[in-house]
Amino acid sequence: EEFLAAFQARIDAEEKIEPKDAMPEGYRRTLVRQIGQHAHSEIVGMLPEGNWITRAPSLKRKAVLLAKVQDEAGHGLYLYCAAETLGVTRDEMTEELLAGKAKYSSIFNYPTLTWADIGAIGWLVDGAAIMNQIPLCRCSFGPYARAMIRICKEESFHQRQGFEIMLTLCRGTEAQRAMAQDALDRWWWPSLMMFGPHDADSPHTEQSMTWKIKRFTNDELRQKFIDATVPQAEYLGLTVPDPELRWDETLNEGRGGYRHGSIDWDEFWRVVEGEGPMARDRIAARKKAWDDGAWVREAALAHAAKRAARNVAAE
Amino acid sequence: EEFLAAFQARIDAEEKIEPKDAMPEGYRRTLVRQIGQHAHSEIVGMLPEGNWITRAPSLKRKAVLLAKVQDEAGHGLYLYCAAETLGVTRDEMTEELLAGKAKYSSIFNYPTLTWADIGAIGWLVDGAAIMNQIPLCRCSFGPYARAMIRICKEESFHQRQGFEIMLTLCRGTEAQRAMAQDALDRWWWPSLMMFGPHDADSPHTEQSMTWKIKRFTNDELRQKFIDATVPQAEYLGLTVPDPELRWDETLNEGRGGYRHGSIDWDEFWRVVEGEGPMARDRIAARKKAWDDGAWVREAALAHAAKRAARNVAAE
Amino acid sequence: MVHEALLEVADDCLVLGHRLSEWCGHAPMLEEDLALPNMALDLIGAARGLYARAGEIEGRGRGEDDFAYFRGEREYRNCLLVERPNGDFAATMLRQLYFAAFMEPYWRAAMSSADEALRGIAGKAVKEVAYHVRHAGEWVIRLGDGTEESAARLARAVDALHRYTGELFESSLAARAAEAAGVLPVRAEIYADWDRLIGTVFAEARLTLPDGVHMQSGGRAGLHGEDLGHLLAEMQSVARVHRGAVW
Amino acid sequence: MVHEALLEVADDCLVLGHRLSEWCGHAPMLEEDLALPNMALDLIGAARGLYARAGEIEGRGRGEDDFAYFRGEREYRNCLLVERPNGDFAATMLRQLYFAAFMEPYWRAAMSSADEALRGIAGKAVKEVAYHVRHAGEWVIRLGDGTEESAARLARAVDALHRYTGELFESSLAARAAEAAGVLPVRAEIYADWDRLIGTVFAEARLTLPDGVHMQSGGRAGLHGEDLGHLLAEMQSVARVHRGAVW
């Protein structure tokens with residue numbers, strides 16, 4: 001009791017919690033789960049975009065996309081490291097992912113069907129991710145907050161690149177514009193779903209906010225995202241696929257905002273529960289990479305051991 | 001001695017030798033080797049053409065090419081059966097092929113680089129094969145002769161289809177004509193090499209002709225091929241890549257024929273000895289198919305055994 | 001609308017035929033190097049007939065190669081089952097059985113189509129597909145009741161592919177128009193025959209039919225998986241470079 | 001002529017960069033999901049610089065994407081080594097070492113090229129390729145002196161790939177023109193450095209250098225293997241469909 005109160009006092013004072021600090025088991029568990037999910041999302045997120053690296057339509061775009069996917073691997077690495085400070089290993093987390101026990105962002109269970117999806121993912125998916133992640137830079141757990149600062153900087157770069165792909169398509173040929181609209185049509189609703197269920201259906205939100213792991217509710221962040229993105233779509237000359245979307249000046253404490261149509265929560269839960277169109281393919285691809293790479297990892301360990309033994313012998 | 005003389009008398013009388021007949025060991029060995037090589041050629045020959053099935057530029061061509069490659073599998077099957085009548089199993093022959101011990105036609109160690117190669121292979125490679133094979137329809141060994149009759153009929157159909165692909169390309173766009181000429185440039189000399197070394201360098205020819213396994217010498221067949229093919233190239237409006245090629249009316253006992261430039265025998269022997277550009281890829285592809293298919297073949301045997309056991313039990 | 005419904009069936013046949021053709025020269029035994037292209041040829045033949053008829057009905061002068069080579073992945077209307085990668089021989093044969101067990105009663109019903117051309121296509125295809133059912137069915141039985149490894153591989157194939165069978169029985173708007181016009185059979189009505197046949201084969205193969213599988217669909221709306229795009233990129237590569245050329 | 005020699009080097013870099021990019025998301029460990037695209041980016045960057053310079057010298061207004069996306073397999077001039085399929089990680093790393101061990105001294109020599117643009121490209125590339133040599137070399141040592149399996153895989157990779165190294169030291173007519181003009185280094189003169197480096201790494205990796213291998217070549221004449229065509233079909237698929245579009 002006393003410990004919990006003292007812990008909460010540190011949180012309330014905006015002190016950073018560090019790995020060596022004592023912390024409530026629930027706090028630790030929540031963070032391990034959340035950071036793990038976040039790391040897995042970066043890793044699985046390499047696949048839908050990786051699907052277009054070999055077909056990128058110009059060398060410049062190919063290089064930019066490669067660099068982006070590489071950044072995602074890097075984000076995964078930081079995040080696994082942050083989670084490891086809480087006493088769980090990267091291998092354990094990987095095994096959980098491959099066994100289908102750990103979650104990752106459902107958005108990556110949708111397929112990338114055209115080049116425009118690379119633009120839409122950067123613009124919408126990274127855009128939504130940033131909305132979620134900026135508050136995490138002030139997360140109460142130090143290693144996570146510091147990883148997020150670095151990640152957010154790169155993500156906002158990716159988001160601008162994605163928007164720029166869309167802009168180029170929208171200023172291009174008729175086929176390119178159609179491709180851009182089609183991508184928006186397919187990615188809009190899944191992007192809104194990235195913020196999670198409505199606050200009323202999100203049982204963990206309150207505790208996470210008290211612990212300052214989370215700083216805004218799902219619906220608050222979703223609203224921010226919509227308000228930021230709709231004008232961008234207008235600038236692109238694209239139509240947001242929501243006939244009920246309209247400006248309402250009473251929203252956001254009188255600053256105004258967009259009201260949106262209702263989200264298909266059946267689809268949301270279906271995808272969350274592992275029935276997204278690409279869910280099995282994603283895990284299968286990661287599992288194949290992991291299994292095919294087993295002999296490489298073993299060889300690296302064996303070599304390191306041999307080398308260490310030789311160094312000892314030489315001393 | 002007496003047996004050999006009697007055997008030769010049967011050959012000279014144009015009697016067919018059948019599997020159950022007594023035959024000299026050399027005759028049997030020559031046939032096993034030749035029929036085996038011929039069967040392997042059909043099987044390996046599926047690969048260079050198979051390389052373009054997925055990219056055939058029209059559905060009609062795709063269907064025709066599929067049917068052709070399927071025919072080649074069929075030819076392989078007849079020929080393995082013919083060889084099996086001489087006491088060697090298909091599995092044994094396959095293991096020899098995959099171990100790199102058995103030869104097959106060197107022509108298939110060249111790559112197919114454009115769609116026009118499918119035309120050129122049909123026209124030139126099948127054309128040369130037919131020149132070699134028509135006399136084999138009268139081969140002294142019955143099963144081989146009968147297999148060849150069926151094969152030759154299909155091969156000449158393939159050859160016409162190949163010529164027709166070339167004709168369509170030559171009547172097409174400039175890019176298509178260039179593709180056709182390029183294919184002729186690359187396949188001409190290897191096709192001439194298909195007839196084997198000059199007679200003077202072909203030690204087995206004499207014995208094979210005595211046994212009526214072979215009916216014409218390498219150089220005779222090569223000359224026939226050139227004389228038949230050069231006018232076809234002219235009809236297509238293509239240039240045979242041999243600056244020394246010229247008509248000589250003294251050839252062919254005064255009926256005239258084409259003199260050709262000298263063949264690069266260094267290349268010939270290099271390719272025969274397994275250093276053709278695709279040699280290792282061909283064997284690797286066949287080996288992969290064979291190894292990957294092992295569990296299928298085992299399952300089929302296991303199922304047949306179970307079924308047989310059940311039938312016995314039910315009786 | 002009706003021509004779009006024909007395109008759905010044609011795309012199914014072409015894409016599956018293309019997938020089978022990828023085996024060419026790489027089959028587990030020589031007999032299958034004959035059988036696989038054989039089925040591929042039947043399927044591509046049916047696709048050609050259907051594209052031709054769709055082009056006539058559409059009336060804009062498009063022919064088989066326009067449909068096959070000059071539509072992108074969002075325009076292809078095949079179901080997801082046929083575009084699944086070949087996987088191992090067990091997956092290929094199971095996919096073939098799933099599809100052929102649907103197409104056999106489908107073609108049989110189409111023999112009384114209101115469209116004469118379609119009756120002709122169906123009459124030819126129904127005989128061919130009977131062989132596909134037999135061939136794939138025998139293999140599924142052999143593998144299911146073969147070795148431990150073959151049974152395990154087949155079970156994995158069922159786990160991977162069963163979720164794509166539901167789409168066979170769904171009719172798009174275009175299909176419903178064609179069904180209402182008596183041109184194409186009603187997809188949902190094929191289910192009983194399909195289920196009976198699959199049940200029989202699975203019983204002999206000692207396989208359990210999976211239960212409560214969430215079915216995936218989307219192909220009829222052009223919402224494919226990520227593999228189709230690669231298939232088309234390869235298939236169309238020569239034709240697209242030489243736009244307008246005759247082959 | 002000189003611009004054609006630059007295209008040879010550019011094609012080497014692009015094709016190998018493309019091959020490495022195929023690993024993206026499928027590497028044996030996360031660290032390699034960073035390292036492989038990193039090397040791919042360096043190579044594609046070098047290719048872009050070389051294509052741009054080749055286009056300027058050619059003077060017909062062609063830019064990097066014209067060269068990369070609108071030439072067919074017979075027009076590509078890369079050596080055979082770089083187009084070989086990735087195979088397993090051992091084959092990928094060995095291919096990388098073979099190539100990087102050539103390019104490091106090559107770029108070093110190119111820093112005193114008569115062509116200013118090329119000096120710039122070389123100055124950047126030489127630093128990048130030093131990392132490739134180190135990274136691939138360390139892996140070759142780890143795998144060669146790792147487990148029995150890794151050593152066997154690496155030995156198979158040597159058996160498969162060594163025959164493609166001879167072509168690195170052959171100069172085409174175009175290359176000889178560029179070498180005579182002092183624009184590009186003489187390929188044959190790189191051999192001593194390459195051989196020394198490979199020898200050192202192989203010794204540490206407990207690998208034996210194969211002897212009397214018949215070297216394969218042809219790439220500089222556009223005589224490729226059958227894999228390059230598939231690579232290009234995929235790489236060029238979107239650009240070719242939308243000819244003239246800006247991305």
Side-chain angles (χ1 to χ4, degrees), chain A residues 39 43-74 76-77 80 90 94 114-115 165 168-169 171-173 175-176 179 285-286 288-290 292-307, chain D residues 14 17-38 40-41 44-45 47-48 51 63-65 67-69 88-90 93 138-139 141-151 153-154 205 231 234-242 244-247:
Chain A
I43 300 310
V44 177
M46 296 170 72
L47 297 172
E49 295 182 283
N51 182 40
W52 284 90
I53 289 176
T54 54
R55 291 176 289 175
S58 76
L59 291 184
K60 183 183 135 199
R61 292 294 179 200
K62 193 186 196 76
V64 168
L65 181 56
L66 253 172
K68 182 183 175 188
V69 176
Q70 189 194 21
D71 284 347
E72 283 156 9
L77 211 49
Y80 283 127
R90 200 211 295 182
T94 302
T114 74
W115 169 252
I165 289 177
T168 309
L169 293 175
R171 291 184 177 165
T173 65
Q176 285 176 304
M179 202 191 272
R286 288 308 306 170
K288 184 170 189 309
W290 187 249
D292 287 356
W295 69 271
V296 178
R297 299 190 300 275
E298 280 159 24
L301 289 174
H303 178 75
K306 282 187 192 178
R307 183 161 279 213
Chain D
L14 176 60
H18 186 97
R19 279 282 183 236
L20 290 178
S21 80
E22 293 171 351
W23 274 101
C24 231
H26 310 283
M29 59 187 72
L30 201 41
E31 287 75 5
E32 289 304 306
D33 271 319
L34 284 157
L36 291 163
N38 195 46
L41 276 167
I44 291 170
R48 293 177 66 190
Y51 285 136
E64 56 181 62
D65 289 334
F67 291 120
Y69 290 93
D88 62 14
F89 190 72
M93 280 300 140
E138 280 169 6
W139 268 114
I141 291 166
R142 261 182 226 123
L143 299 177
D145 186 25
T147 61
E148 219 171 289
E149 177 176 9
S150 69
R153 283 176 182 264
L154 188 60
L231 181 155
E234 168 153 343
M235 183 172 103
Q236 300 176 338
S237 56
V238 180
R240 294 265 199 182
V241 167
H242 300 269
V246 173
W247 302 96

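We use all heavy atoms of the structure for the numbers below, so side chains are in, but hydrogens, waters and symmetry mates are not.
For A:Leu47, the part lying under 4.5 angstrom from a heavy atom of chain D is the side chain only. Both the backbone and the side chain of D:Leu30 come within contact range of chain A, with heavy atoms under 4.5 Å apart. For chain D, the nearby part of A:Val69 is the side chain; its heavy atoms alone come within less than 4.5 Å. Neither the backbone nor the side chain of A:Arg171 comes within contact range of chain D; no heavy atoms are under 4.5 Å apart. Only the side chain of A:Ile43 comes within less than 4.5 Å of a heavy atom of chain D; its backbone N, CA, C and O stay farther away. For A:Thr54, the parts lying under 4.5 angstrom from a heavy atom of chain D are both the backbone and the side chain. Using a 4.5 Å cut-off between heavy atoms, A:Leu59 contacts chain D through both its backbone and its side chain. Within the 4.5 angstrom heavy-atom criterion, only backbone atoms of D:Ala27 (N, CA, C, O) approach chain A. For D:His242, the part lying under 4.5 angstrom from a heavy atom of chain A is the side chain only. In this structure, chain A has a heavy atom under 4.5 Å from the side chain of D:Trp139, while its backbone stays farther away. When heavy atoms are compared at a cutoff of 4.5 Å, D:Ala47 does not approach chain A at all.
Between D:Asp145 and A:Lys306, the shortest heavy-atom contact is OD1-NZ, 3.1 Å. Scanning all heavy atoms of the two residues, the minimum distance from A:Leu66 to D:Ala40 falls at CD1-CB, 3.9 Å. What you find for D:Thr147 and A:Ala299 is that their closest heavy atoms are CG2-CA, 3.8 Å.
Counting heavy atoms from C-beta on, the side chains of D:Tyr69 and A:Pro57 never come closer than 4.5 Å. Side-chain contact between A:Asp292 and D:Phe89: absent, with no pair of heavy atoms (C-beta onward) separated by less than 4.5 Å.
Under the rule for a side chain to side chain donor-acceptor pair (under 3.5 Å), the partners of D:Arg240 that lie at least two apart in sequence or sit in another chain are D:Gln236. Not counting sequence neighbours, A:Glu298 has no partner by the side chain to side chain donor-acceptor pair (under 3.5 Å) test.
Looking only at heavy-atom pairs under 4.5 Å with chain D, the residue among A:Ala285, A:Gly76, A:Ala289, A:Ser58 that has the most is A:Ser58. When the candidates D:Met29, D:Glu138, D:Glu22 are compared by the number of heavy-atom contacts under 4.5 Å with chain A, D:Met29 comes out ahead. With chain D as partner, the option from A:Leu77, A:Val296, A:Thr94 having the largest number of non-hydrogen pairs under 4.5 angstrom is A:Val296.
For A:Glu72 (side chain) and D:Gly25 (main-chain N/O), no donor-acceptor pair under 3.5 Å exists by modelled atom type. Of the possible donor and acceptor atoms, one in the side chain of A:Arg297 sits under 3.5 Å from a partner among the backbone N and O of D:Pro28.
In this structure, D:Glu234 CD and A:Ile53 CD1 are separated by 11.0 Å, a value rounded to the nearest 0.5 Å. How far CD of A:Gln70 is from CG of D:Leu41: 5.5 Å, rounded to the nearest 0.5 Å.
Ion pairing between A:Lys62 and D:Glu64 fails under the 4.0 Å rule for side-chain N and carboxylate O.
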Between A:Arg307 and D:Ile141, is the side-chain contact (heavy atoms from CB on, under 4.5 Å) condition met? List the steps.
CA-CA 11 Å; A:Arg307 183 161 279 213; D:Ile141 291 166; 4.1 Å; yes

